[in-house]
Structure formats: C-alpha cells, structure tokens
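Below: the structure, in structure tokens.
Letters go in sequence order (proteins before strands), and every chain restarts at 1.
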4 protein chains.
Amino acid sequence: MSVEDTAQRARPGRPRSEQSRSAVVRATSELLHEIGLRAMTTEQIAARSGSSKATIYKWWPNKYAVAVDAFFSEMQADSPDPDTGSARGDFTIWLRGLFHFYTGPSGRVFAQLVGEAQFDPEVADELRDGLIRTRRAVLEAVWDRGVERGELRADVDRDVAIDLIVGPALYRLMTSRGALDDAAADAIVDAVIRGLSR
Amino acid sequence: MSVEDTAQRARPGRPRSEQSRSAVVRATSELLHEIGLRAMTTEQIAARSGSSKATIYKWWPNKYAVAVDAFFSEMQADSPDPDTGSARGDFTIWLRGLFHFYTGPSGRVFAQLVGEAQFDPEVADELRDGLIRTRRAVLEAVWDRGVERGELRADVDRDVAIDLIVGPALYRLMTSRGALDDAAADAIVDAVIRGLSR
Amino acid sequence: MSVEDTAQRARPGRPRSEQSRSAVVRATSELLHEIGLRAMTTEQIAARSGSSKATIYKWWPNKYAVAVDAFFSEMQADSPDPDTGSARGDFTIWLRGLFHFYTGPSGRVFAQLVGEAQFDPEVADELRDGLIRTRRAVLEAVWDRGVERGELRADVDRDVAIDLIVGPALYRLMTSRGALDDAAADAIVDAVIRGLSR
Amino acid sequence: MSVEDTAQRARPGRPRSEQSRSAVVRATSELLHEIGLRAMTTEQIAARSGSSKATIYKWWPNKYAVAVDAFFSEMQADSPDPDTGSARGDFTIWLRGLFHFYTGPSGRVFAQLVGEAQFDPEVADELRDGLIRTRRAVLEAVWDRGVERGELRADVDRDVAIDLIVGPALYRLMTSRGALDDAAADAIVDAVIRGLSR
DNA sequence: AGATAAGCGAGACGGTACGTCACGTCTTTGT
DNA sequence: ACAAAGACGTGACGTACCGTCTCGCTTATCT
C-alpha cells in the first residue's frame with residue numbers, strides 16, 4: 001500500500017464540496033469583469049455563488065486570492081508555442097496573442113491583479129508562479145530554437161531578450177499608453193529583432 | 001484689471017496655510033516609505049502632520065491624491081538629459097538612473113502608485129501627466145539627436161523605440177523579476193541598440 | 001473662574017449628538033419590547049435609529065449596555081415613597097406597584113436584564129447601581145419609619161426584612177411561578193408582617 | 001409480547017452509546033464550571049467528550065438542554081427532608097443547605113440557568129419541572145407538618161409561606177446582594193417565622 | 001474698529017466592508 | 001443504524017477606514 005494510496009484514500013468527514021468551490025470561482029470571475037477587483041466584495045461573491053463568507057474564508061485568505069484563482073481558471077491551457085519556423089514569426093504571433101489577451105475582457109482584470117500585487121506579496125507570488133513563469137517558458141523555447149538555428153545572437157542574455165518583448169507590452173497595459181493592436185506588436189518585434197542602431 | 005490680478009488679489013478670509021500644506025505632504029511622504037500606500041490612512045496623515053482630516057479633504061480628494069503630490073515633491077527636478085554625445089551613452093546613463101530610482105526608497109512607492117492607478121483613473125492621469133510624460137520627453141530628445149546624427153534607424157517609430165527602453169524596466173519593477181542594477185541596464189541598452197538577430 | 005467653568009467650557013471638536021443618542025435609546029426601547037433582549041441586534045438598533053453601528057459601539061460596549069440605558073430611560077422617577085402612615089400600608093402599596101411593574105410591558109425586559117446579568121458583570125453592576133439600590137432606598141425609609149413608630153421589630157436586620165418583601169417578588173418573576181396581582185402582594189405583606197408561627 | 005419487551009428488544013442498528021451520552025454530560029459539567037454556560041460552545045463539548053456535534057444535536061436540541069441535563073446529573077438525590085421535629089429547625093437546615101448549594105461550585109451554574117430561562121422557555125420548563133418542583137415538595141411537607149403540629153399559622157397560603165423562604169435566597173443569588181451563609185439563613189428563617197411586626 | 005469671510009484642529013457621525021465566530025445541518029467514511 | 005469528522009449556509013459580531021459634518025478658534029480683508 002503506497003503513500004499515494006493513503007493520501008488518496010478518503011479522509012473522514014464530509015469532503016470539500018466541489019460544487020461550492022466552482023460556484024465561488026465562477027461568481028468571482030463574473031464580478032471581476034462586471035465591477036472590478038476592488039469594488040468586488042466577499043459578500044457579493046458569497047451571495048452570487050450561493051456559498052457563505054465563512055466557507056470562502058475557510059479556503060482562501062481574502063478576496064484577492066479568490067480573484068487570482070478565478071483569473072487562472074478562466075485562462076485555459078493558453079499561450080501555445082507558435083513554432084512557425086522562424087523566431088521573428090514566433091515572437092510576432094506570440095505578442096499579437098498577448099496584445100489580444102490584454103485588450104480582451106481579461107486584460108483589465110490582469111492589470112488590476114498586477115496592480116494589487118504591488119501591495120500584496122502573496123498575490124505577487126501566485127501571479128508569478130501561475131502565470132508569468134509559464135508564459136515566459138514559451139518564449140524561452142522560442143529563443144532557444146532561434147539561437148540554435150543561428151537566427152538570434154547567442155551573446156544576448158535570454159532573460160534580457162524576453163524582457164524586450166514582454167516589457168513594452170506590460171508597460172503599455174499598465175500605463176494605458178500606446179496601442180495594443182497587431183500593428184504595434186509587429187512594430188515592436190521588428191524593432192527588437194533588428195535593433196535600433198543603423 | 002487683469003485676471004492675474006484678480007487671482008492674486010487677496011480674497012477675504014484666512015488664506016490657505018502653507019505650513020499646513022507642507023506638513024501634510026511631508027507626513028505623507030514618511031508614511032509612504034514606512035508603511036506603504038495602502039496601509040497609510042488619512043487619519044494617520046492628519047495625526048502626524050498635526051492637521052485635521054477635514055483640511056486634508058478640503059484640498060485633496062483622497063489619500064491617493066495626497067500620495068501623488070507627496071511622491072512628486074520628493075522627486076528632484078527629475079531626470080536630467082545626459083547628452084553624452086552618443087545615443088547609446090545617453091540611453092545607458094538614463095536607464096542606470098531609472099534603475100537607481102527604482103531600487104531606491106521611492107521605487108516601491110512608485111510601483112504602488114502605478115498599481116493603484118489600475119483602479120483609480122485620476123491617479124493614472126496624474127501619474128501620466130506629472131511623471132511619465134516628462135521622463136519620456138528626455139528620451140525623445142535623446143532619440144531625436146541619435147536619428148539626426150545618423151546613429152539610429154529613422155524607420156523605427158519613436159514611441160516604440162522608447163518603449164523598448166522603458167518597458168523592460170517597468171516590467172522588472174512590477175513583477176519583481178530580474179535585476180535592476182547597472183549591469184542589467186547596460187545589457188538591456190546593448191541588446192536594444194544592436195537588436196536580437198545576427 | 002472656577003474649575004466648573006473650565007469643565008463646562010466646550011471641549012474642542014464636534015460635540016456628541018444628543019439627537020443620535022436619544023434615537024438609539026428610543027429604538028432600543030422599542031426593540032426590547034418587540035423582540036426581546038437576545039433577539040435584538042446592534043444592526044437593528046442602528047437601522048431603526050438612523051445611526052450607525054460605529055457610533056453605537058463608540059458610546060456603549062455592546063447591545064446589553066444600550067439595553068440597560070434604554071430600560072432606565074423608560075422608567076421615570078419611579079418608585080415613590082407611599083408614606084401612608086403605617087408600615088403595612090406602605091409595604092402593600094409599594095409591593096402592589098412592583099407587581100404592576102413586573103406584569104407590565106417592562107416586566108419581561110427587566111427579567112431578561114436580570115437574566116443577562118448572570119453572564120455579564122457589567123450589566124449586573126449597572127442594574128444594581130441604577131435600579132435595585134434606588135428602589136431599596138424607599139423600602140429602607142419605610143422600614144426605618146416603622147421601627148421609629150414602634151410598629152416593627154427593631155431586632156430584625158433591615159436588609160433581611162427588605163429581602164422578605166422583595167425576594168418573593170423577584171422569585172415569582174424569574175420562575176414564572178405564582179401570581180403577581182394585588183391579592184398576592186397583600187398576602188405576602190400580611191404573612192411577612194405577622195410571621196408564620198402562631 | 002408486552003410493550004416492555006418491544007421497547008427493550010434490540011431495534012435494528014447500532015444502539016445509542018451510553019458511553020457517548022455520559023461523556024457528553026461529563027464534558028458539559030466541566031465546561032459549565034470552567035467557563036460558564038454562555039461561553040461554552042457545542043464544539044467544545046464535542047471535542048472534550050470525543051463525540052461529534054451531530055451526535056449531540058441528535059439527542060439534545062441545543063447546548064442549553066445539555067447543560068440542564070449536566071446540571072441535574074451532578075446534583076445528588078437532592079434536598080433531603082430534614083424532619084427535625086420543629087418547623088423552624090426544618091426550615092433552618094433546609095435553607096442552610098440551599099445557601100451552601102448556592103455558594104458552592106454549582107451555584108453560579110444554577111444562576112446562569114435561571115438567567116438563560118428568561119430567554120428560553122424550554123430551559124424554564126425543564127428547570128421548573130426537574131428542580132424547583134421537587135425542592136418545593138420538601139418545603140411543602142415541612143409546612144404541612146408544622147401546621148398539623150399547631151406550630152404554624154394555618155391561615156397563611158402555603159405557596160406564599162414557601163416563597164418567603166425561597167424568595168430571599170434566589171434574590172440574593174441573582175443580584176449578588178447580601179450574604180449567603182448560615183447566619184443569614186438563620187436570620188431569614190427567624191424573621192419569617194416570627195414576622196416583622198411587634 | 002467692527003463686520004465679514006474663510007481656514008483650521010478636533011472629533012463625532014453615517015456608511016460600508018472586513019474577517020471571525022458560533023450555530024445547527026448535512027454528507028462522507030468507518031464500525 | 002450509529003458515530004466521528006468536518007464542510008457547509010446563516011447571521012451577528014465588533015473593528016477599521018472612509019469621507020462628511022459640526023464645533024470653537026484664528027487669521028485675514030473689507031467697510
């Protein structure tokens with residue numbers, strides 16, 4: 001009898017209600033889009049989900065943790081590796097996808113979560129672990145392929161390179177400054193790939 | 001009788017106390033560094049400054065507006081134009097300066113203000129008007145000189161180019177990911193100037 | 001300029017709102033009669049009085065303290081000294097009055113307050129100080145007059161004597177056992193005055 | 001096949017665990033003395049007794065019912081009839097016993113139960129049925145013997161007479177006013193027996 | 001000089017959300 | 001079928017901060 005069996009063997013007591021959990025997450029998702037992270041209250045989540053504040057506080061430390069979960073749950077597997085054969089193509093498609101996400105309904109939610117992360121280290125950690133890391137992984141793969149193919153300069157630090165793609169995007173989102181459309185994505189990738197100097 | 005006269009002519013009633021104003025701003029500055037934007041309360045500002053809540057609310061709409069004022073007041077005449085003679089040099093010095101600011105005591109305050117701006121459009125506006133625009137102006141000058149000198153590619157959109165410098169910096173500040181030291185600044189400028197492709 | 005003047009001189013700050021205080025007390029009075037001490041909630045008091053929970057908690061430690069105040073406020077000068085000329089007459093009138101009070105609308109409220117006092121020493125203290133002591137004072141005067149007149153036995157402890165009048169009344173109230181009408185009052189006074197032995 | 005048989009015949013399923021029942025009662029007794037009726041929670045009873053909340057709620061409607069049971073279970077066969085030969089002697093011994101009970105560890109528990117009875121009619125009923133009635137029965141016997149012997153006045157209502165003994169005692173317990181020692185018991189009985197008038 | 005008009009510190013107020021606690025019910029597994 | 005374990009909805013609690021509102025006092029200009 002393995003440890004896994006023991007872990008999976010049902011513990012005594014009523015198990016956590018999956019229905020309640022998902023109702024909370026769903027209600028939170030809706031509220032995030034409708035009124036935003038800050039205006040949303042725990043009581044509203046409870047009311048809309050049919051659950052209770054006590055239950056929410058039993059499983060999440062506060063509404064921000066619920067919001068992070070809800071935000072992740074509405075982002076499916078996401079951020080697929082484009083793998084077009086060229087680094088420029090990969091970066092372009094990937095960045096267009098990111099801009100599309102930023103301008104979509106979840107964009108503001110994401111911006112607010114990043115904003116909240118400036119005050120709440122736990123939100124920052126969860127965001128980093130759950131989202132930023134997995135997204136960067138795709139770009140790392142793109143980068144590595146480009147270097148292997150000889151398209152990209154091996155003497156540039158990979159993290160720096162990725163920041164050149166990702167940084168301007170987040171900057172535009174957070175400062176509401178500059179377009180977030182396909183043309184902008186293309187222009188950024190082009191400039192990054194070719195550099196600024198003649 | 002000009003409008004200026006009317007504005008300057010002493011109106012009846014006790015004039016606004018400059019001492020009170022500056023005490024509020026100073027107290028807010030301290031609190032921002034000590035406990036942060038969110039934890040700071042209007043009551044604390046009043047207590048520490050020796051003023052009263054009513055006075056604060058008379059001159060600022062809420063604590064975030066006070067915080068923006070306090071933040072601006074503690075930033076010196078801001079970001080001088082390096083003008084070293086080369087765009088790479090200018091960008092490098094400028095970005096090192098920004099990183100230094102980000103890692104200094106005001107860095108976290110700035111990050112929190114940007115975070116708060118995600119929820120409060122007025123904070124966003126004030127931040128954009130008072131800080132981001134003036135800072136970008138320097139970079140625009142650097143860019144224009146570089147293009148004139150023939151160092152930089154004229155076919156790149158200026159805003160895109162500036163975002164390549166500024167974006168990665170904000171990204172690293174807001175996600176607490178990646179170093180913010182001189183070496184990082186140099187690496188970013190180098191990569192941006194020369195581009196990623198071989 | 002006396003100390004009293006200094007004490008009465010208005011202290012800085014907005015003075016406590018008498019209107020708010022009395023609205024809270026009045027609302028509490030109503031709720032005590034309508035739904036009882038235990039069922040009444042602070043939120044109901046706030047809603048009905050148009051005040052806020054914060055204000056209530058600022059001036060009273062909890063709803064029970066408000067209830068004590070409300071209970072006292074609805075009992076006017078109360079318990080007058082009958083002074084009929086005979087101790088028996090005084091005791092009779094006084095006890096009839098008490099029974100009348102117990103069977104009136106405030107009777108249940110009083111019983112509940114005494115009940116609550118078993119759990120909350122502050123309620124017990126306030127009740128003792130504000131009510132029980134002032135009432136006993138009347139009976140003490142009645143007793144003393146009776147002893148002076150030679151009607152009553154001087155060798156009986158005054159507190160014991162008063163307890164013989166007051167004790168059975170409270171007993172009947174708290175145990176809902178035995179009548180609380182004029183006949184009962186008369187019977188008790190008669191038995192107490194004349195004693196049980198032949 | 002008699003009714004008793006049917007009742008005793010093992011019904012299907014696991015029978016109620018006597019061990020569980022007594023553990024609950026014992027735990028409740030301890031908690032009543034340690035922290036009091038109000039502070040005690042059902043969860044604490046469950047934890048200390050090793051039972052579960054569901055089991056407790058299966059057999060008792062709420063914690064007050066458990067408390068009543070626990071209180072009764074810790075009171076021995078209760079208040080024996082002194083039968084000293086004289087009514088004064090009987091009353092004295094009986095009242096000393098009551099005072100001793102009131103000042104003992106169970107005194108506060110009893111006071112709290114009477115307090116709770118002001119809010120909960122079921123507690124009131126159980127208390128009246130299980131305790132007050134049986135105790136008064138002893139005093140009724142004492143009274144009847146005294147009347148038969150010619151010691152006591154037959155023209156006094158028996159209930160009134162008993163209230164004169166019992167009332168002052170409860171009054172002193174519930175208002176924490178006046179001593180509850182042997183001397184006080186003697187003084188009360190003496191005054192009641194002889195009456196207040198000369 | 002007196003009237004008038006603000007500014008100001010102190011602090012009470014109504015409002016709203018917070019996070020906690022106990023209640024009594026329900027749903028599992030184990031015996 | 002009963003019991004322990006423990007999750008759940010309900011609803012009150014007491015706290016904290018917000019932004020507004022009196023107060024009484026002070027400081028200025030205007031008549």
How about B:Arg21 and B:Trp60: do any of their side-chain heavy atoms sit closer than 4.5 Å? yes
Go through the steps to decide whether B:Arg108 and A:Gln118 satisfy the test side-chain hydrogen bond (donor to acceptor under 3.5 Å, both in side chains), and finish with yes or no. CA-CA 8 Å; B:Arg108 283 254 51 81; A:Gln118 307 311 312; 3.1 Å; yes
Nearest to the A:Ser52 side chain among F:dG9, E:dA12, F:dC23, which nucleotide is it? F:dG9
When you look at D:Arg38 and C:Glu116, which way does the side chain to side chain contact (heavy atoms under 4.5 Å, CB included) test go after all the steps? CA-CA 10 Å; D:Arg38 206 70 152 257; C:Glu116 186 62 30; 2.5 Å; yes
Expressed in angstrom and rounded to an integer, what is the separation of C:Lys58 atom NZ from F:dC13 atom C1'? 20 Å
Starting at CZ of C:Arg11 and ending at C1' of F:dC25, how long is that distance when rounded to a whole Å? 17 Å
Nearest nucleotide by nearest heavy atom, which residue falls closer to the 5' end of DNA chain F, A:Ser51 or B:Pro15? A:Ser51
Say whether, by atom type as modelled, one donor and one acceptor occur between the side chain of C:Ser52 and the main chain of C:Thr55 under 3.5 angstrom. yes
Would one find a side-chain N or O of C:Trp59 under 4.0 angstrom from OP1 or OP2 of E:dC13? yes
Residues in ring pair (Phe, Tyr, Trp, His ring centres under 6.0 Å) contact with C:Phe110, at least two apart in sequence or another chain: C:Phe71, C:Tyr102
Looking at B:Thr41, B:Val68, B:Thr42, which hits side-chain contact (heavy atoms from CB on, under 4.5 Å) with B:Lys63? B:Thr42
What string of B, S and - do you get for nucleotides 19-25 of chain E, 5' to 3', when a contact is any protein heavy atom under 4.0 Å? BBBSSBB
Verify the neighbour count for atom CD of D:Glu43: are there more than 12 heavy atoms of other residues, nucleotides or ligands below 6.0 Å? no
Is it the case that B:Arg16 places NZ or CZ above or below the six-membered ring of B:Trp59, under 6.0 angstrom from the centre and within 45 degrees of the axis? yes
Whole Å only: how far is the CD1 atom of D:Ile56 from the P atom of F:dG6? 15 Å
Separation of F:dA4 C1' from D:Arg48 CZ (nearest whole Å): 19 Å
Identify, residue by residue, the members of residues 18-29 of chain A with a heavy atom below 4.0 Å from DNA chain F, and return them in order of residue number, or none. none
OP1 or OP2 of E:dG14 versus the side-chain N and O atoms of C:Thr55: is any pair under 4.0 Å? yes
For residues B:Leu37 and B:Leu113, determine if any side-chain heavy atom of one lies less than 4.5 Å from a side-chain heavy atom of the other. yes
Could you state the atom-to-atom distance from CG of C:Asp120 to P of F:dG14 in whole Å? 11 Å
